[in-house]
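Remarks on the structure that follows.
Predicted, not measured: the structure shown is a model, and the values here were computed from it. Positions are given from 1, in the same order as the sequence printed here.
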Amino acid sequence: MSAPKYLDGQEVATHNSRESCWIIVHGNVYDVTEFLDEHPGGSKIILKYAGKDATQEYDPIHPPDAITTNLPVNKHLGPVAPNTVKKVEITVTDEEKARQERISNRPPLDEILNLHDFEAIAKQVMAEKAWAYYSSAADDEITNRENHAAYHRLWFRPQILVDVTKVDWSTTILGHRSSMPVYITATALGKLGHPDGELNLTRAAAKHGVIQMIPTLASCSFDEILDAAQPGQVQFFQLYVNKDRDITKRIVQHAEKRGIKGLFITVDAPQLGRREKDMRMKFEADDPSEVRKSGSDGVDRSQGAARAISSFIDPGLKWADLAWFKSITNMPLILKGVQRWEDALKAYDLGLAGVVLSNHGGRQLDFARSGIEVLVEVVTHLKEKRGLSFPNEKFQLFVDGGVRRATDVLKAIALGATAVGVGRPFLYAFSSYGQEGVEKALQILHDEFEMNMRLLGATSIANITPDLVDTSNISSHIAAIPGDRLYEANYESMQHARLREIKPKM
Ligand SMILES: Cc1cc2nc3c(=O)[nH]c(=O)nc-3n(C[C@H](O)[C@H](O)[C@H](O)COP(=O)(O)O)c2cc1C
């Protein structure tokens with residue numbers, strides 16, 4: 001093989017305009033001139049790095065292979081000679097210095113007692129943009145808060161004088177062993193919170209024998225996440241369906257080939273919700289006159305990280321398309337984001353493997369009900385209409401949103417769920433403490449399961465039955481706020497629009 005021909009950094013630096021725009025990512029030069037207007041995140045952010053090394057900005061929000069996959073091969077110009085590239089000057093603001101100091105003052109992990117604690121620390125140590133993306137929810141964030149509050153309307157009816165010397169909270173999910181009835185649900189953009197992104201979750205999941213659902217919009221590449229898994233480690237995949245079905249087919253079949261054990265198709269996001277905390281971060285640009293402009297594809301660039309990365313999602317996805325999914329894969333198909341019993345029934349009738357009763361962590365339709373409330377009606381109606389009982393091996397019910405304690409999980413299991421998805425708490429755990437944080441979060445859940453199973457008088461998951469829970473208030477939407485001081489102390493209120501800062505005239 002002949003040695004690669006290195007480009008000179010100074011030459012690259014001359015291609016710094018809309019007319020000719022080259023960028024460097026991971027030591028390679030790419031001509032992105034023709035791609036500028038197609039970039040889902042808009043052209044402005046690329047132009048900011050025209051002629052320069054864009055790796056630092058690129059990494060948190062793209063899988064490493066995004067650029068090589070999306071750009072024609074003739075635009076891959078080759079490696080750049082490393083010592084010829086001017087370092088991108090990063091000015092460390094006072095705000096950033098203060099954040100670094102807060103990071104060094106994090107409490108040791110053994111002082112973290114519950115999942116709320118991770119959120120409290122994450123809020124203080126995460127970069128502002130990352131915190132805004134992770135914590136934000138749609139509109140007035142009522143559903144986001146309701147997701148957690150709904151669990152306050154369920155109360156236990158524990159049984160006594162059961163021998164609970166040994167308790168076992170392990171279970172099976174879609175036929176696969178899990179050390180607890182919890183899985184790590186799909187959340188996009190892991191590298192916003194930590195340089196190792198989703199790999200923190202993969203590695204911690206392996207140590208604790210839990211299942212990770214890999215998101216379509218992971219910051220690490222799909223294969224990187226699979227490669228980080230231990231032999232035999234079970235992983236699921238969350239799919240956003242692309243308007244271009246050939247792309248979707250390729251992704252799905254690749255996932256199956258790599259051994260993914262369940263395909264969770266997200267059905268609650270034909271358009272991404274307006275998440276105002278994230279939008280206020282103006283993900284792309286600092287200049288307010290620029291951020292309001294739309295790209296040639298009509299995507300409004302003023303709408304935060306979420307909108308910037310999701311313009312490919314197909315709003316035309318419909319029930320009739322599910323037959324096609326069945327024709328292209330043998331993986332179990334599960335709909336993620338079902339919000340009423342009628343749709344759960346349709347999914348059952350179509351022979352799907354299950355549904356996730358979820359409102360996307362309150363990030364989509366505000367005033368969608370909580371998954372736990374929907375669970376109660378789904379179980380009732382599927383029993384009535386199809387004679388089903390839950391938990392059910394053939395058609396499994398999952399719930400996510402607002403779960404912060406093992407007691408929340410146990411309520412969902414008692415009411416018929418096979419397992420529960422947890423999202424933000426694991427993001428906050430790795431944003432604050434990396435992989436060890438996620439391991440600690442899982443350990444906390446194990447400890448909570450052990451104690452609460454004993455106190456409920458249940459020795460196994462099979463003993464967590466509906467009679468253990470009083471559901472009589474579940475549908476009365478009068479949230480008991482403030483009902484949970486820990487949660488409320490973390491919840492960050494939304495902000496009003498603010499006047500622009502007026503710079504003094506020189
Ligand atoms: C930062 C963030 C990113 C998310 N990204 C996705 C995604 O890409 N696809 C998806 O189906 N759901 C996504 N979700 C929704 C989660 O899978 C899940 O429904 C939700 O987080 C559960 O609520 P919880 O965060 O209160 O546990 C995301 C949630 C958060 C908080």
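- Partners of Asp408 according to the side-chain hydrogen bond (donor to acceptor under 3.5 Å, both in side chains) rule, which considers only residues two or more places apart in sequence or in another chain, do not exist here.
- Under the side-chain hydrogen bond (donor to acceptor under 3.5 Å, both in side chains) criterion, Glu439 pairs with Gln435, sequence neighbours left out.
- Here the closest non-hydrogen pair linking Gly402 and His148 is O-ND1, 3.0 Å.
- Side-chain atoms of Gln238 and Thr266 form a donor-acceptor pair, as typed in the model, at a separation below 3.5 Å.
- Of all non-hydrogen atoms in Val356 and Lys336, the two that sit nearest each other are CB-CA, 3.8 Å.
- Under the side-chain hydrogen bond (donor to acceptor under 3.5 Å, both in side chains) criterion, Arg203 pairs with no residue, sequence neighbours left out.
- Pairs of residues two or more places apart, or lying in two chains, that qualify as side chain to side chain donor-acceptor pair (under 3.5 Å) and include a residue from residues 386-398 are Asp349-Arg386.
- For Gln339, the side-chain hydrogen bond (donor to acceptor under 3.5 Å, both in side chains) criterion is met by no residue, not counting sequence neighbours.
- Looking at Val338, Val378, Leu357 one by one, the single match for side-chain contact (heavy atoms from CB on, under 4.5 Å) with Asp343 turns out to be Val338.
- Trp324 does not carry Lys249 over the face of its six-membered ring by the limits of under 6.0 Å from the centre and within 45° of the normal.
- Across all their heavy atoms, Ala150 and Ile474 have their closest contact at O-CD1, 3.8 Å.
- Between Arg274 and Asp366 there is no salt bridge, since no side-chain N of the basic residue sits under 4.0 Å from a carboxylate O of the acidic one.
- Here the side chains of Leu109 and Phe118 are in contact, with some heavy-atom distance below 4.5 Å.
- In plain terms, the two heavy atoms of Gly362 and Thr143 that are nearest each other are CA-CG2, 3.7 Å.
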Name each donor-acceptor pair under 3.5 Å that joins a side chain in residues 230-237 to protein atoms two or more places apart or in another chain, with its distance.
| residue | atom | partner | partner atom | Å |
| --- | --- | --- | --- | --- |
| Gln233 | OE1 | Gln230 | N | 2.9 |
| Gln233 | NE2 | Thr202 | O | 2.9 |
| Gln235 | NE2 | Gln212 | OE1 | 3.1 |

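- There is a side-chain donor-acceptor pair under 3.5 Å between Asn359 and Asn147.
- When each of His360, Gln364, Arg363 is tested with Asp268 by the rule side-chain hydrogen bond (donor to acceptor under 3.5 Å, both in side chains), just one qualifies, namely His360.
- Residue Lys243 places its NZ atom among more than 12 non-hydrogen atoms of other residues, nucleotides or ligands, all under 6.0 Å distant.
- Side chains of Tyr491 and Glu119: no donor on one and acceptor on the other come within 3.5 Å.
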How far apart are the C-alpha atoms of Asp223 and Ser221, what are their side-chain angles, what is the distance that settles it, and do they pass the side-chain hydrogen bond (donor to acceptor under 3.5 Å, both in side chains) test? CA-CA 5 Å; Asp223 285 313; Ser221 77; 5.5 Å; no
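- For Trp131 and Tyr428, the ring centers sit closer than 6.0 Å to each other.
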